[in-house]
Amino acid sequence: MHMADALISPAVGLGFWAVSGTLAARAARKLETDSSRAPMMGVLGAFVFAAQMINFTIPGTGSSGHLGGGLLLSILLGPSAALITITGVLTIQCLLFADGGLLALGCNIFNLGFYPCFIGLPIYRFIAGNGDSRSRSAFGMIAASVIGLELGALSVVAQTVLSGIGDLPFGKFILFMGGIHLPIGIVEGLVTVSVVGFVTKIRPAALLESSASAQSAFPAASSGILAALLCLALGIGGVLAWYASEKPDGLEWSVTRATGREELESGGGLAARAAEVQEKVAILPDYSFRESDGESAPSARAGTSTSGVVGSIVTLLCVSLAAVGIAAVRRGRSSTPTSAEP
Amino acid sequence: MSHHVATLDMLGQGDSPMHRLDPRAKIIALIVFIASVASFPKYSVGRLTPYFFYPMLLISAGGIPLRPILGRIIPALPFAIMVGLFNPLLDATPYQVGPFVARAGWVSFASILARFLLTVGAVLCTIAVTGFPSMCRGLSELGVPRPLVMQIQLTHRYLFTLLSEGERLRRARNMRSFGRSGLDWRTAGRMFSVLFMRTLDRGERIHAAMLCRGYNGSLPALTRGRFNRSDALFLLAICVTSVLFRLVPVTDMVGGFLN
């Protein structure tokens, strides 16, 4: 459930970048005092990749899932270290694996890092209490895993709908995503229980040490700041998305404001001639949308002119030819001995 | 799987005009480029075509082979297709495409695919002409907090070791699983536990080894970047063209000129 750049609008993307960037920077500042943890956390980031290679079947669905790792790491390392680890993992997935976009990186850190580390973990701690009862802490982990994952899925839906590029209706999309992630959440919770149980049995020191530092990493006061940040994110996203959908679009709207014109005139004659061509060539005139007949306006969308289509194809050809040209020149130059190069 | 990533990673060690640019210039150019592409309205397809210049420039001037790039793009396609494919089903309003009338959903679907190719292509090409270590240097020079950059650097450093360990574990498990037995979460949970503890040990060994070699909490960069005139020119050129293509309907002008 990595968000892709193809489905996101800049307003949503940059809004979540700001929020996730702030969260990651805060977590980073907390960890800066303890440089001895850096190598360990680096290796644990690589551990998440390795763990994601090992898939397991999700009972009842016939499909297989893999570990998200956010909740497991935050229980074992504390929320700040877990958030940084997940941020590193997501950044590398985006840059090297084409998994999740760069503009969408903020969204992904929020969906897959913030929820398990800063919502899931407190839920687990609340249910588990002092950790004496094994069944309570197991239930806590499953609940935290399900809630964290469902919130992430909800976020993916909200971000997609706010961006307005995919057409999925909010209600159905949410039922679909929520339904898919429920069994995954339960199984991930069970896996987390098994790993945490095993690690505490074999190496209790590893857990004790990390949970001691984890207590200090999540003081109660910071939850207020986090709640405020969450509201801010939703607010920014909502307001900007409203502009993006209500106004022609964010950028065009600001251009209109700046220039006082609806669209930058591209040398009036050209546009007029293009419109003329469109009038002539239109096969189904019923479907040509003119601003003047207002009745059909609600469902009608402005189309692309023929010259736009022709121009796009020509542009694509030109770009490809230029690329082939540059590559040919480069190859020619590298085969002849280069003396001019510094 | 890790094969393509490793090749993509190694391409960064090459030498070309694109490789020689300062990583900071390439990172900022990439962000401006992606933001410009993403800012187009839902039904833009044609107007996105000029943007192919940037990945193609990186590929051609950087001398990158296409295979490792495509080898990463294609496996990532299904998600964009899965979400995008709902558009043609749900959005049936007619939409004029030149002389034809199409379902608007198909137009927005095409737009999603074009966006996907452009954004993912640009990211992968940038990595291929920069290399991961330089990318991290650029990030820290741009002011990304040090623990964060170090986390990315160190994760990347042990990534391939642990990925192949994960692959070995999975293969061993699959060979011992007949039918669907053994693929359940109980087995996986035990495997994660073992892997986790081995990773903790490895982390401790690595830390000790680093301390032996004088690690004091920071990873020094061997080269310091200098942001010179050609970097500034490159950055300016990419930013100006990205924004220009967004504001001016270039394709309409080209088509109008031809008509």
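Below, each value reflects all heavy atoms present in this structure, side chains not excepted, and no hydrogens, waters or symmetry copies.
Taking the ring centre of B:Phe40 as origin, the terminal cationic atom of B:Arg246 falls inside the region bounded by 6.0 Å and 45° from the ring axis.
The part of B:Pro145 that comes within reach of chain A is its side chain, from C-beta onward, which places non-hydrogen atoms under 4.5 angstrom from that chain. Only the side chain of A:Ile202 has a heavy atom closer than 4.5 Å to any heavy atom of chain B. Contact annotation for A:Thr192: neither backbone nor side-chain heavy atoms come within less than 4.5 Å of a heavy atom of chain B. Proximity to chain A (any heavy atom under 4.5 Å) is shown, for B:Leu195, by both the backbone and the side chain. Both the backbone and the side chain of A:Ile54 come within less than 4.5 Å of a heavy atom in chain B. Proximity to chain A is absent for every atom of B:Gln153, based on heavy atoms less than 4.5 angstrom apart. There is no contact between B:Thr126 and chain A, counting heavy-atom distances below 4.5 Å. Interface residue B:Ile112: backbone and side-chain heavy atoms are both found under 4.5 Å from chain A. Looking at B:Ser108, only its side chain comes within 4.5 Å of chain A, counting heavy atoms on both sides.
Panel note: side chain A:Thr85, backbone A:Ala81; a donor-acceptor pair is recorded below 3.5 Å.
Ranking A:Ile8, A:Val89, A:Asp5, A:Asp99 against chain B, the residue ahead of the rest is A:Asp5, based on heavy-atom pairs under 4.5 Å. Ranked by heavy-atom pairs shorter than 4.5 Å toward chain B, the options A:Gly21, A:Ala51, A:Gly88 are led by A:Ala51. Comparing B:Ala102, B:Ser60, B:Ala35 by heavy-atom pairs within less than 4.5 Å of chain A, the highest count is held by B:Ser60. The most heavy-atom pairs under 4.5 Å with chain A, out of B:Val254, B:Ile34, B:Thr49, come from B:Thr49. Note: B:Trp185 leads B:Trp185, B:Tyr158, B:Phe53 in heavy-atom pairs under 4.5 Å with chain A. The candidate from A:Phe56, A:Phe49, A:Phe47 with the greatest count of non-hydrogen atom pairs under 4.5 Å with chain B is A:Phe47. Interface remark: of the candidates B:Val120, B:Leu148, B:Ile206, B:Leu148 forms the most heavy-atom pairs closer than 4.5 Å to chain A. For the set B:Gly189, B:Gly203, B:Ala38, B:Gly63, the entry with the most heavy-atom pairs within less than 4.5 Å of chain A is B:Ala38.
By the side-chain contact (heavy atoms from CB on, under 4.5 Å) test, B:Leu113 is found to be paired with B:Leu77, B:Ile81, B:Phe109, residues two or more places apart in sequence or in another chain being considered. Take A:Gln52 and apply the side chain to side chain donor-acceptor pair (under 3.5 Å) test, not counting sequence neighbours, and it matches A:Gln93.
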**Request:** Given side chain to side chain donor-acceptor pair (under 3.5 Å), test B:Asp184 with B:Thr187 step by step and report yes or no.
**Result:** CA-CA 6 Å; B:Asp184 59 322; B:Thr187 319; 2.8 Å; yes
